[in-house]
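Since the structure comes first, as structure tokens, the remarks are kept for the end.
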Amino acid sequence: MTTAIEVNCETGEVIERPLTADEIAANEAVAAQAEADRLAAQAEAETKAQAKADLLAKLGITAEEAKLLLA
Amino acid sequence: MPNTFVKIASITVGAGGAASIDFTNIPSTYTDLCLKLSTRTNNTGLRVRFNSDSGANYSWRRLLANGAGSFSDSNTTFGSPYNTFLYFSMQDTTSDTANTFSNGEMYVPNYTVSTQKSASLDSVAENNATTAYMAMQSGLWTGTAAITSIALTPDTGTSPSFAQYSTATLYGIKNS
């Protein structure tokens, strides 16, 4: 989608124009940031899951047994 | 007689959709502004910027609810760049019931004063499912100039898009 709609509230004129290079760059930056955030969240979740698995292995119990202990 | 709710301008998105909707040259002859939306986009949120200000000059908080529960958050939950715009939540997207459009309203009192501007935003997504959301939001823009433009952009990446037949209408309100 590369069209922007502008309405001039003084004149009522409506302009449909192509996005500028700056606007396209800004959108791409947003997409890049969103992807970076997604990857960071995924990495954090994986790190937490691995730490949990390591701790269970160290304790020699299963996740279900851990739940029983905490219940 | 009070001259309330004067339509300043209205936009209906045409075939092919649009990446953004901008109201420019908003006159300063009213006391308040009210923006009514009927939209379908490719993201549940809209970014709202005043006077093309993309600085970290915005803050907002919202209360969300659907058929299963409710919660609240704010721009600080998401960090930057969510402090560079007001967030207009819960727009209908392509995952909602086909051909439905969300309803939303943003009210900006005293939009010409030389102090920061507050805004209230509420919206509901139309979806024939229990996960249809509604949102009530408060917002603040620290800009001290009169609001002369409002830009709306779906909160997504390389291809923000308003669907055809989405509408946005800006009203001016006078209290005398």
ask   = Do other residues, nucleotides or ligands put more than 12 heavy atoms under 6.0 Å from the CG atom of A/Asp54?
value =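 Atom CG in A/Asp54 is packed in, count exceeds 12.
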task = Identify which part of B/Ile11 has an atom lying under 4.5 Å from any heavy atom of chain A, answering side chain, backbone, both or neither.
result =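 Only the side chain of B/Ile11 comes within 4.5 Å of chain A.
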key: chain A contact via B/Leu170 - side chain, backbone, both or neither, heavy atoms under 4.5 Å   =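 The answer is the side chain of B/Leu170.
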request  = Tell me whether B/Tyr133 is reachable from B/Met136 by hopping between hydrophobic residues (I, L, V, M, F, W, Y) whose side-chain heavy atoms are closer than 4.5 Å.
outcome  =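 The answer is no; the residues belong to distinct hydrophobic clusters.
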message = Please say yes or no: joined through hydrophobic side-chain contacts below 4.5 Å, possibly via intermediate residues, are B/Ile8 and B/Leu152 part of one cluster?
response =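 The answer is yes; both residues are in one hydrophobic cluster.
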key: Minimum heavy-atom distance between A/Asn8 and B/Thr24, given as atom pair plus value   =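 Where A/Asn8 meets B/Thr24 most closely, the heavy atoms are CA-OG1, 3.4 Å.
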message = Rounded at 0.5 Å granularity, tell me how far CD1 in A/Ile5 sits from CG in B/Asp22.
response =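 Nearest 0.5 Å value for the CD1-CG distance: 9.5 Å.
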task = To the nearest 0.5 angstrom, please state how far the SG atom of A/Cys9 sits from the CD1 atom of B/Ile26.
result =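 One finds 5.0 Å between SG of A/Cys9 and CD1 of B/Ile26.
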query = Can you list every salt bridge (charged side-chain N to carboxylate O under 4.0 Å, His left out) pair that touches residues 7-25 of chain A, not counting sequence neighbours?
reply =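 Non-adjacent pairs meeting salt bridge (charged side-chain N to carboxylate O under 4.0 Å, His left out): A/Glu6-A/Arg17, A/Arg17-A/Glu23.
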Only pairs under 3.5 Å count here: list side-chain donor-acceptor contacts from residues 107-115 of chain B, not counting sequence neighbours, and write none if there are none.
unit_1, atom_1, unit_2, atom_2, d
B/Tyr107, OH, B/Asp32, OD2, 2.5
B/Tyr111, OH, B/Pro27, O, 2.6
B/Tyr111, OH, B/Tyr30, N, 3.2

